[in-house]
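First comes the structure, then the notes that go with it.
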Amino acid sequence: MDQELDIPKSMKDTQTLEDLPGVGAATVDKLAAAGFGDLMAVAVATPGEIMDATGMTEAVAKKAIHAAREMLDMGFSSGIDIYEKRKNVLRITSGSKELDKLLNGGFETTGITETYGAYGSGKSQIGHALAVRAQLPPEKGGLGGIVVYIDTESTFRPERIIEIANGLKLDPDEVLRNIKVARAYNSDHQMLLAEKIEDLIKKDGLNVKLVIVDSLTSHFRAEYVGRGTLAGRQQKLNKHMHVLSKLADMYNLCVYVTNQVMAKPDMFFGDPTEAIGGHIVGHNSQTRIYLRKGKKGTRVAKLVDSPYLPDGECGFMITLNGVEDI
Ligand code: ATP
Ligand code: MG
């Protein structure tokens, strides 16, 4: 319960669109329908856009935008404040020293780390390894925390958790008890589950240190077929990822998400694949790792577009014990 003390103001206590002056439930619906689903969207909109979406007068629209900006506290933080905050970043080790080195020590808290790659490239296996290792004490490379696993493809395997736990001489039953698994049946359900994680932390007092969404995009991809609905899909995915990154930031936890790839038809050279979800997923993931199969059953992880680490690659293996160096 100690950790309650440093928990910042609840995400649910923070203000929403309805708290804006001149904005009632009907206007919220109109705003959402036009793509202004949260305060940030309103804060960065022009008065004209808000007027078009809602039929407000210019004065009311300006007032709403101004209020949204105030609520979001869109001011400046000094570099030193951000640096101080970065010092709180914790890391979960994967089991492969090489992979951890690529990530400057492991999978970071305060942000989303995404792996994307073809089937069998090791995305879910890394998830299983992290789900166990996050429970190790800090001196052994974990965070001594509880894990939330949102499983969208029914690929969570307790048997695999037991194997990895045994390899680390942990009590497998205890390790399984500390992983809260929820199967998400569709994208709305998945989004709802992500929103409920805060209750686990606040109401149930669970020391959640790792949230896994495996896979982040499969439901969205399956439900929104065809170009006509792509914008709607992206908007929802964006909202979902915002919830996840806010959790990561507020509760100093690590979010690990997996993502599929699709063939890139216009690419003739190199690796003809790209991650699902386009720039929305790319922008919301602080760290992106492209996974592929290497020689002799190895896996290759490539760090892509890190905000502060050099691009690089390393190899690792998936073994009985989880993830290990070659
Ligand atoms: P998908 O896109 O289908 O979800 P993925 O990237 O999540 O794929 P994983 O499930 O992580 O793929 O990887 C599956 C692979 O992991 C298997 O093909 C196998 O090579 C390897 N693997 C799984 N369990 C073990 C194990 N106990 N020991 C060694 N390798 C294993
Ligand atoms: Mg998988």
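Counting starts at 1 for both ligands and their atoms, following the listed order.
Residues D214 and I150 have side chains not in contact (no heavy-atom distance under 4.5 Å, counting atoms from C-beta outward). With contacts defined as side-chain heavy-atom distances shorter than 4.5 Å, the pair T110/N88 does not qualify.
A side-chain contact (heavy atoms from CB on, under 4.5 Å) with Q135 is found for one member of L130, I146, V147 and no other, namely V147.
Clustering of Ile, Leu, Val, Met, Phe, Trp and Tyr by side-chain heavy atoms under 4.5 Å joins I82 with none of the others.
Partners of D100 according to the side-chain hydrogen bond (donor to acceptor under 3.5 Å, both in side chains) rule, which considers only residues two or more places apart in sequence or in another chain, are S94.
Side-chain atoms of D19 come within 3.5 Å of backbone atoms of T16 as a donor-acceptor pair (strictly under, hydrogens ignored). Looking only at distances, a side-chain donor or acceptor of T93 sits under 3.5 Å from a matching main-chain atom of G141. Side chain of Q190 to backbone of L216: a donor-acceptor contact under 3.5 angstrom is found.
Using modelled atom types, one finds no donor on one side chain facing an acceptor on the other under 3.5 Å when comparing Y116 with S285.
Around ligand 1, the residues contributing at least one heavy atom under 4.0 Å from the ligand are A118, Y119, G120, S121, G122, K123, S124, Q125, E153, R160, E163, R299, I318, T319, L320.
The tally of protein N/O/S atoms under 2.8 Å from the Mg ion (ligand 2) stands at 1.
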